[in-house]
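The structure under discussion appears below in the form of structure tokens.
This one's a predicted model, so the numbers in the text were calculated from it and none came from an experiment. In this chain, residues are counted from 1 in sequence order. Basis for what follows: all heavy atoms, side chains included, without hydrogens, waters or symmetry-related copies.
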Amino acid sequence: MSADPRVDGRLVRGLAEARRYDLCRILLIQPGEYLPTVLTVQTVLEHRADAVLAPALAHLGGTERAVALVCDVITPRETVRRGGESPGRHP
């Protein structure tokens, strides 16, 4: 993970553009955030998002399968499809 949220934001914006997603919001979760997975899923549902884009699965703290119950989780190198399938490499 990057120590600089600006770097991560640029990566997410670039990923959205490359994948042709309309980026509705970048959600920054602070260390110690109460129930970050619930906050992520709630944000997905509120925005009716098809996917969560992240710089790496590590940004989700091991919760990518839980988030993938409501949407795809996409990083530059891996995707967890909706339904919580195991991460797969992009071609």
Spacing of CZ belonging to Arg20 relative to CG belonging to Leu15, to within rounding of 0.5 Å: 13.5 Å
Can you tell me how far OG1 of Thr43 sits from CZ of Arg25, rounded to the nearest 0.5 angstrom? 5.0 Å
Mind checking the CZ-CG spacing from Arg82 to Asp50? Nearest 0.5 Å is all I need. 6.0 Å
What's the shortest heavy-atom distance between Ala68 and Val80, and which atoms? CB-CG1, 3.5 Å
So, do Val12 and Pro55 sit near enough that their side-chain heavy atoms are less than 4.5 Å apart? yes
Should Leu27 and Leu39 count as side-chain neighbours, where that means a heavy-atom distance under 4.5 Å? yes
Taking the side chain as every heavy atom from C-beta outward, state whether Arg13 and Leu23 have any pair of such atoms under 4.5 Å apart. yes
Given the rule that I, L, V, M, F, W and Y join up when any side-chain heavy atoms are under 4.5 Å apart, are Leu69 and Val38 in one cluster? no
Would you call Val52 and Ile74 a side-chain contact if the rule is heavy atoms closer than 4.5 Å? no
Just how far is it from atom CD of Glu64 to atom NE2 of His59, taken to the nearest 0.5 Å? 13.0 Å
For the hydrophobic clusters of this structure (ILVMFWY residues joined by side-chain heavy atoms under 4.5 Å, transitively), does one cluster hold both Leu53 and Ile26? yes
Once rounded to the nearest 0.5 Å, what's the spacing between atom CZ of Arg81 and atom CG of Asp72? 5.0 Å
For Ala49 and Cys71, which heavy atoms make the closest approach, and how far apart are they? O-CB, 3.9 Å
Indicate if Val44 and Leu57 have the same hydrophobic cluster label, given that clusters are the connected sets of ILVMFWY residues with side-chain heavy-atom separations under 4.5 angstrom. yes
So, taking the atom named CG in Leu28 and the one named CG in Asp8, what distance separates them when rounded to the nearest 0.5 Å? 8.5 Å
Do Thr40 and Ile29 have side chains that get closer than 4.5 Å, going by heavy atoms? yes
Give a yes or no on this: more than 12 heavy atoms of other residues, nucleotides or ligands lie within 6.0 Å of atom CD of Glu17. no
Tell me, do Thr63 and Leu60 make a side-chain contact under 4.5 Å, heavy atoms counted? yes
